[in-house]
Each structure stands twice: as C-alpha cells, then as structure tokens.
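The chain is numbered in sequence order, starting from 1. Everything numeric in this text was worked out from a predicted model, so none of it was measured.
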Amino acid sequence: MGDRNLVCWNSLLAGYVRRRDMDGARRLFDEMRGANVVSWTIMVAGYARNGMCRQALSVFNEMRRLRVELDQVALVAALSACSELGNLKLGRWIHSYVFEKICAKNQQLSVTLNNAIVHMYASCGSIDEAYEVFRKMPRRSTASWTTIMIGFAKQGLADEALGIFHMMLSLGEPEAQPDELTYIGVLTACSHAGYVEEGRHIFKSMSASGGMKPRIEHYGCMVDLLSRAGNLEEACRLIETMPMKPNEAVWGALLGGCRIHKNPGVASLVAQKLEVDLDPDRAAGYLLLLLETYRTAKRWMDVNDIRQKMIEKGAKKPAPGRSWVEVNGVIHDFVAGDISHKHTCTGRGFVCCVA
C-alpha cells in the first residue's frame, strides 16, 4: 500500500473513531494492508477515548507482539487505559519503555506523556511513584499540577494536596495557573479532610484572585464540604444564593450531610425539592439516602413512606459497584452481589482478613 493510499485509509479510520463507531473502525483496520504506527495508534486511542479500555490494551499488546514502533501518542492512550483498569504492571512496563527507548536517546518527552504516567501511578494507588515522576518533570502544565493534587486527595492525603496547590500558586508559572478543574480538586481535598475555613478561603479566592466564576461543580464541592462538617444551615444558604439552579449532585451532597449528622428536618426539605425535579431512573440513590436518614432518626413512618414512593416511582437501586484487581498480571473484574466469578470466595476471604 502506497504512502498516499495509507494516508487516505488512516483518514477514514480516524473518521470512524470520531463518530464513535469502533466496530466499523475495527473492520476497516482489519482490511488494511501494511498498517503503520499511525493506524495502530488511532485504534488504541480510539478505544481508550470511548471507554473501551480492555480493547485498547488488547490492540496495544498486539502492537508490542508485532514489534510496531510505539510512539508517544500510543503510549499516552495505553496509559489512560491502564489508569482506568488499574493495570499497574503494564503501566510500569510503559514507564520503563519510555525511560529506556525514549529518554535514553535524548528524545524530549511531551508534557502530556509525563502527565499520563503521573495519572497512571496515582490512579493505581502508587502515589509515591506518581510524585517522583512529577518531581522530576522538566516542564509542567496546569494538568500536571492538578493530576498530582487530585491523586493525593483521592488517597486521603489532603495536606499534601493542599501543599501542591499552594506551591503551584507560589511559583506562579505562566503555563501552570490553576483552572476550574484544579479548584474542584483542592475543594474536594478540603471536603474529605474537613478543612472548612481553608475551603471557604479557596472558594472565595477563585473569583477574587483567580478571576474565575465558580461553576455548579464548585458550588457542589462547597455544599459537600459544609454538609460533611455539619454546617447544614450554611450549606442551605449557599444553595439559595447560587446563581444557577441546583442539580441533583448538589442536593445529594446536602442529603449526605443530613444522613451523617442525623438531621431529618433538612432532609425532608431536600426530599421536597427532589420530588419535583428528579427523574425516576435516577431517584433510587437519593431516596435510599433519605430512607437511611429517617432510619437513623427512628422515624419509621417516614421510612415506610419512602419505601412506598420508591415502589410508586418504579425507582430501581443504583447499578452495583464494580472493582478491578490485578493478580499476577491478570485483571479480574468483580461486581457487587455477583458470585459467578471463580475467585469470588477467595476475594471475600481476603477482604475479611484485611478487615
């Protein structure tokens, strides 16, 4: 296949990916003769961007087997899939490949590739390795700082997350200024650690010094922070003064605080709001929160009323939780309540031992 024809084929392949038609892309890819690194990379990136991470890594491993050159775009896509699946073993292999094949040749790593390595380690729970990569980066973008900060926050290391945020501000690098996602990350860290005053200050500084108008996601973080800390009245006042209509996530954050602090009064007000706006298909999770709030307050008639409403609305329980565990290089997929996996009993026994 000539270079000109191959460019045309790759353009068609990219078109299928943009339309999110990965089945069509795969059929076209299988028909190609002499696919090059661009063709392979389009497939890996396409699967990863469409949430088909297992397929993305399958194509990537096929590239490795056929010794197709791995460019930085393909590596970023594969790292994204590793992050989603928690595949630390392959992620580490990619990191070592980058060091041995790219860095050893004095080729410059893109900031995007370094960010993907940091994100992979952070997502897989190896926050020390993530920070080590971040620390050695010669150039950092806003995404670099935000990725490591959110990584610390997800591990419950709020002080470290806040330290990264303040370091970012103090350095004042033009290409690494906090953006809207950065503020969501740092407010989330404050929420999980119960740092109410710090959260208030950061929220106010968004517009005062950051020049950004808080979006509904930022208001949701603040409502969550205040509600978790038991400041339910302040959370209600914040919702009332929001410049936009509260969404289900905002009401859910307030309801979660009501459950934690056993406040059925505020919970009833939230229920009235949700009853008007909430889609039955998404109602179950919030109604269960409300039911639990009433149950802890021993308001049994209200508990029965919520159960009846769930029946009337046809509200179904939320989708069961799902976990991925890597054992000896194999990713195992477990779904809550499913006993069909051959290692279910082993997994339950391990959890009991850890607990």
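- Contact of the Trp40 side chain with the Phe29 side chain is registered, since non-hydrogen atoms from C-beta on lie closer than 4.5 Å.
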task: Please assess Ile150 against Thr188 for the test side chain to side chain contact (heavy atoms under 4.5 Å, CB included), listing each intermediate value before the final yes or no.
output: CA-CA 8 Å; Ile150 291 177; Thr188 299; over 6 Å; no
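- Note that Arg64 lies in the cation-pi zone of Trp93, set by a 6.0 Å cut-off to the ring centre and a 45° limit from the axis.
- Counting only distance, with no hydrogens or angles, the side chain of His192 and the backbone of Gly156 share no donor-acceptor pair below 3.5 Å.
- A heavy-atom distance below 4.5 Å is not found between the side chains of Asn263 and Thr293.
- Applying the 6.0 Å contact sphere to CD of Glu233 captures no more than 12 heavy atoms from other residues, nucleotides or ligands.
- With contacts defined as side-chain heavy-atom distances shorter than 4.5 Å, the pair Ile202/Cys190 qualifies.
- Of the possible donor and acceptor atoms, one in the side chain of Arg33 sits under 3.5 Å from a partner among the backbone N and O of Glu31.
- The minimum heavy-atom distance between Cys258 and Ala267, with the atom names listed, is SG-N, 3.6 Å.
- Between the side chains of Thr182 and Asp179, at least one donor N or O sits under 3.5 Å from an acceptor N or O.
- The main-chain N or O of Gly220 is never found under 3.5 Å from a side-chain atom of Asp224 such that the two would form a donor-acceptor pair.
- Ion pairing between Asp23 and Arg27 fails under the 4.0 Å rule for side-chain N and carboxylate O.
- Not less than 6.0 angstrom separates the ring centroid of Phe165 from the ring centroid of Trp145.
- Closest of all the heavy-atom pairs between Ala176 and Met168 is O-CE, 3.3 Å.
- Connection of Val73 to Met52 is not established within any shared hydrophobic cluster, with ILVMFWY side chains joined at heavy-atom distances below 4.5 Å, either directly or through further cluster members.
- Judged by distance alone, the side chain of Gln177 and the main-chain N or O of Thr142 form no donor-acceptor pair under 3.5 Å.
- Residues Thr146 and Ser141 fail the side-chain proximity criterion, which asks for heavy atoms closer than 4.5 Å.
- What you find for Pro214 and Met206 is that their closest heavy atoms are CA-CE, 3.9 Å.
- The OG atom of Ser227 sits 5.5 Å away from atom CG of Leu232, with the distance rounded to the nearest 0.5 Å.
- Using modelled atom types, no side-chain atom of His119 and backbone atom of Ser80 make a donor-acceptor pair closer than 3.5 Å.
- Leu70 is not connected to Phe99 by any chain of hydrophobic side-chain contacts under 4.5 Å among Ile, Leu, Val, Met, Phe, Trp and Tyr, and they are in different clusters.
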task: Check step by step if side chain to side chain contact (heavy atoms under 4.5 Å, CB included) holds for Met137 and Val118.
output: CA-CA 10 Å; Met137 287 175 66; Val118 172; 4.3 Å; yes
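- Both Tyr121 and Val111 are assigned to one and the same hydrophobic cluster, defined by single-linkage of ILVMFWY side chains at heavy-atom distances under 4.5 Å.
- Looking at heavy atoms from C-beta onward, Ser144 lies out of side-chain contact with Asn114 at the 4.5 angstrom threshold.
- Trp300 and Tyr294 have their aromatic ring centers separated by at least 6.0 angstrom.
- Remark: the backbone N or O of Arg215 is paired with a side-chain donor or acceptor of His218 at under 3.5 angstrom.
- Under the rule for a salt bridge (Lys or Arg N to Asp or Glu O under 4.0 Å), Glu160 has no partner lying at least two apart in sequence or in another chain.
- Glu132 and Lys136 are joined by a salt bridge, as a carboxylate oxygen and a charged side-chain nitrogen come within less than 4.0 angstrom of each other.
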field: Trace of the side chain to side chain contact (heavy atoms under 4.5 Å, CB included) decision for Met149 with Leu162
entry: CA-CA 7 Å; Met149 186 186 67; Leu162 286 166; over 6 Å; no
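- Taking both residues in full, the closest heavy atoms of Ala77 and Ala48 are given as O-CB, 3.7 Å, listed atom of the first, atom of the second, then distance.
- Here the two rings, on Tyr47 and Phe60, have centers that are 6.0 Å apart or farther.
- Remark: Gln55 engages no residue in a side-chain hydrogen bond (donor to acceptor under 3.5 Å, both in side chains) (not counting sequence neighbours).
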message: Before you tell me yes or no, could you show the steps for Tyr183 and Met212 under side chain to side chain contact (heavy atoms under 4.5 Å, CB included), namely the whole-Å CA-CA distance, both residues' side-chain angles and the distance that decides it to 0.1 Å?
response: CA-CA 10 Å; Tyr183 279 102; Met212 281 176 276; 3.2 Å; yes
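- Residues Leu290 and Val270 fail the side-chain proximity criterion, which asks for heavy atoms closer than 4.5 Å.
- In this structure, Val17 and Gly46 approach most closely via the heavy-atom pair CG1-CA, 3.6 Å.
- One distance of note links OG1 of Thr296 with NZ of Lys262; it measures 6.0 Å at 0.5 Å rounding.
- Following chains of ILVMFWY side-chain contacts shorter than 4.5 Å, one cannot reach Trp251 starting from Leu269, and the two form parts of different hydrophobic clusters.
- Under the 4.5 Å side-chain heavy-atom criterion for grouping Ile, Leu, Val, Met, Phe, Trp and Tyr, Leu226 is not connected to Ile260 through any hydrophobic cluster.
- Heavy-atom neighbours of His201 NE2 from other residues, nucleotides or ligands within 6.0 Å: at or below the threshold of 12.
- Using modelled atom types, one side-chain atom of Arg140 and one backbone atom of Phe134 make a donor-acceptor pair closer than 3.5 Å.
- Arg200 has a carboxylate O that lies under 4.0 Å from a charged side-chain N of Glu234, or vice versa, which qualifies the two as a salt bridge.
- When ring centroids are compared, Tyr219 and Phe203 come within the 6.0 Å threshold.
- Going from atom CG of Leu13 over to atom OG of Ser39 covers 6.5 Å, rounded to the nearest 0.5 Å.
- Separation of atoms CE (Met120) and CG (Leu85) is listed at 12.5 Å; rounding is to 0.5 Å.
- Here the OG-CG distance, from Ser123 to Asn87, works out to 12.0 Å after rounding to the nearest 0.5 Å.
- In Met301, the CE atom is not crowded: 12 or fewer heavy atoms of neighbouring residues, nucleotides or ligands sit closer than 6.0 Å.
- Interatomic distance, Leu75 CG to Leu113 CG, rounded to the nearest 0.5 Å: 6.0 Å.
- Heavy atoms of other residues, nucleotides or ligands lying less than 6.0 angstrom from CD of Gln108 number 12 at most.
- Residues passing the side-chain hydrogen bond (donor to acceptor under 3.5 Å, both in side chains) test with Ser126 are Glu129, sequence neighbours excluded.
- Looking at Leu79 and His95, their side chains never come closer than 4.5 Å, going by heavy atoms from C-beta outward.
- The number of heavy atoms from other shown groups lying within 6.0 Å of CZ (Arg49) does not exceed 12.
- Residues Asn115 and Thr147 have side chains that never bring a donor and an acceptor to within less than 3.5 angstrom of each other.
- Between Ile216 and Lys245, every side-chain heavy-atom pair lies at or beyond the 4.5 Å cut-off.
- Smallest separation of non-hydrogen atoms from Leu57 and Cys82: CD2-SG, 4.1 Å.
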